[in-house]
2 protein chains.
Amino acid sequence: MVNTKEIARLCGVSRGTVDRALNNRPGISPETKRKILKVAEEVGYRPNFIAKSLVTKKTMTIAIVVFDINNRIFSQIANAIETRARELGYFVYLTLTHKKPELEKEYIRYLVDRKVDGIILMSVNKGQEFEKYLRNLKVPIVTFGNKISDEFPFIWINDEKAIIDAVQYLASKNYEKLIYITPALRESNPSNNIYGPEQRLKGFNKAMKLHKNMESIVITDMNYIDTIDNISNLGNEKVAFLCSSDIYALDILKYAKNKGIHIPTEMGLMGFDNIDTIQYVTPSLATVGFSIEDIGIQLVNSLVDKIEGNEIPKRIQISHEIIEGETV
Amino acid sequence: MVNTKEIARLCGVSRGTVDRALNNRPGISPETKRKILKVAEEVGYRPNFIAKSLVTKKTMTIAIVVFDINNRIFSQIANAIETRARELGYFVYLTLTHKKPELEKEYIRYLVDRKVDGIILMSVNKGQEFEKYLRNLKVPIVTFGNKISDEFPFIWINDEKAIIDAVQYLASKNYEKLIYITPALRESNPSNNIYGPEQRLKGFNKAMKLHKNMESIVITDMNYIDTIDNISNLGNEKVAFLCSSDIYALDILKYAKNKGIHIPTEMGLMGFDNIDTIQYVTPSLATVGFSIEDIGIQLVNSLVDKIEGNEIPKRIQISHEIIEGETV
DNA sequence: CTGTTAGCGCCTTCAA
DNA sequence: TTGAAGGCGCTAACAG
């Protein structure tokens, strides 16, 4: 691979002049510039981005750090992030933590060693120690899904309000008893960051105070299907299952079909996230939707803003809406 | 950020010695090594990966270049690739081409400028010019999905045989007429690489020669639902729809439900890919399955092998299987 | 065992 | 307008 030194030799000029020609810097005659560009073209010159990064201290690289992308919602976000980042000239590292706090810390560390310009993070870690860890890294960070603290910009919906709206919607459909499914709460280690699910649960509890005539059960079990199976008295009241994520709702839908339980006459069902998978199921699933793509775009916009030294908002709230469906 | 020069100064030794301590290189006394490591620890020294890459000419980075990851199958592959790559110490760039040939070429070029060690590619481009382009880049490449040529290692199932098996399976269920759905064939520009869909169609045509008593129609239209709607005579023979991808099958399933067409009594339906989405639909979709995770792992293994200078097989064939379902 | 020197390929400053 | 020199932070080769 030919470098600027070689081009300088070929053109009989100095490397500084070659640099001026190649990077449109002032202080060079049109002729020599033309000549240099011509030679560069001929020999197929390509700048070494690594060398450039070493001196400019800019890698034009950001990283997305997330559990995994098997869950639709994360792959959709990653897709949006990559697309927007490329528009702004950034390449993106994909980094999966598999919900392991130590791995997450290690990977973030490595990314900083690699001099990424910024990080988009859905964290498994939380707490003061972690905040200090991130702070010391001195790398621009924006977060989504699981908030870390007010210090790190958070771009997401209002989970609490969204669940309240969902409950309100179910109430308007005359349900008398709600069973809230949120397995994440027990599934993960207590030291893990589960801000999202926590906010949603908080919303649920608040909502129940607003609807005092409604009964409620909260299931935090990963074997929620078994648990449901044991609550066999679906008889007396009009009951609905509200799930903290569509994937659980889909599971329950499947269960109900197998059991021959008719939805929505025998039980109501509502999800959350509006992942694209649900468009293929029948009856169509009621859920809470929001623009995942918008989140991805805003994450990148904010991060790049921060990278460029601007102040950015600590919180951007994405709007949500109730998606009606045949399951309620 | 402190560097080796600073540590050398603090320890009163030369940078060479510091390097020996930090990188476990021989030729250093245990004491000085201990001392240097201690100081490095204290000042929170972190190696600059960019600088290191510049001299070693290794970035420990690979890239995955693919259309997008909205399609489940690609996000599953990307997930597997990232996971395996991290195990081997590589970070991965996610690069989406949105099926635009020029973008793909440009991005690959940039990745090479960034000195990625290798590329995992599902190509939109094809042809001799493109092959030459890749060859000149002199970067290790492995491919999946759309083969480019025998020159570039290809890790994938045998699409042709898989469709033949699918037809065989449908024949065993006594279907008399098959309608093959493969919109990709017309959806994309003729100069695009659609090796996968082409192989599958080839398999379908071959299979039809083996089953001369069966009728067949091939629909290459993106508006296949409309087309199907016009073929209203589902009356006489026992007919099945075979789709080149599960996403089309899911679409048809939805259509049939809306139309009140009963599956499988009034028509059979079979997909391809076995994406995880289908586990939630009823009736359960018959399809062709294979280990997507295995493909991801093998892609990384092969690429890294090649990066390390070893010869790797030009073709690794992943096995497939018929997944039975209630739709046939 | 340790220090010195010379790069990797680029950018930046200062002189000429 | 151009050239020369120095440095980004690290590795590598050769002396001592």
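Labels below follow one simple rule: chain letters A, B, ... track the order of the sequence lines, proteins then strands, and each chain is numbered from 1.
- The existence of a salt bridge linking B/Lys314 and B/Asp150 is excluded, since no basic side-chain nitrogen approaches an acidic carboxylate oxygen closer than 4.0 Å.
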Let me have the donor-acceptor pairs involving side chains of residues 10-17 of chain A, under 3.5 Å, with sequence neighbours excluded, atom names and distances please.
| unit_1 | atom_1 | unit_2 | atom_2 | d |
| --- | --- | --- | --- | --- |
| A/Ser14 | OG | A/Gly16 | N | 3.4 |
| A/Ser14 | OG | A/Thr17 | N | 3.4 |
| A/Ser14 | OG | A/Thr17 | OG1 | 3.2 |
| A/Arg15 | NH2 | A/Thr4 | OG1 | 3.1 |

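- Contact check of residues 13-23 of chain B against DNA chain C (heavy atom, cut-off under 4.0 Å) returns B/Val13, B/Ser14, B/Gly16, B/Thr17, B/Arg20.
- Considering only residues two or more places apart in sequence or on other chains, A/Asp305 meets the salt bridge (Lys or Arg N to Asp or Glu O under 4.0 Å) condition with none of them.
- Protein chain B touches strand DNA chain D; the 5'-most and 3'-most nucleotides with an atom under 4.0 angstrom of its non-hydrogen atoms are D/dG9 to D/dA12.
- In this structure, A/Glu106 has no salt bridge (Lys or Arg N to Asp or Glu O under 4.0 Å) partners at least two apart in sequence or on a different chain.
- Among residues two or more places apart in sequence or in another chain, the salt bridge (Lys or Arg N to Asp or Glu O under 4.0 Å) test is passed with B/Lys58 by B/Asp117.
- The pair B/Glu41-B/Lys38 does not count as a salt bridge, with every side-chain nitrogen at least 4.0 angstrom from each carboxylate oxygen.
- For the salt bridge (Lys or Arg N to Asp or Glu O under 4.0 Å) test, no residue two or more places apart in sequence or in another chain qualifies with B/Lys115.
- Near-neighbour residues of DNA chain C inside residues 24-44 of chain B, defined by a heavy atom below 4.0 Å, number-ordered: B/Gly27, B/Ile28, B/Ser29, B/Thr32.
- Residues from residues 51-60 of chain A that place a heavy atom under 4.0 Å from any atom of DNA chain D, listed by number: A/Leu54, A/Val55, A/Lys57.
- Two end axes, each from the C1' atoms of five base pairs, can be drawn for the helix from C/dC1-D/dG16 to C/dA16-D/dT1; they diverge by 50°, to 10 degrees.
- First and last contacting nucleotides of DNA chain C toward chain A (any atom under 4.0 angstrom from a heavy atom, 5' to 3' order): C/dG9 to C/dT12.
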Return a table of donor-acceptor pairs under 3.5 angstrom between the side chains of residues 292-303 of chain B and protein atoms on other chains or two or more places apart.
| unit_1 | atom_1 | unit_2 | atom_2 | d |
| --- | --- | --- | --- | --- |
| B/Asn301 | OD1 | B/Arg84 | NE | 2.7 |
| B/Asn301 | OD1 | B/Arg84 | NH2 | 3.2 |
| B/Ser302 | OG | B/Gln298 | O | 3.2 |

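- Ion pairing between B/Glu129 and B/Lys132 fails under the 4.0 Å rule for side-chain N and carboxylate O.
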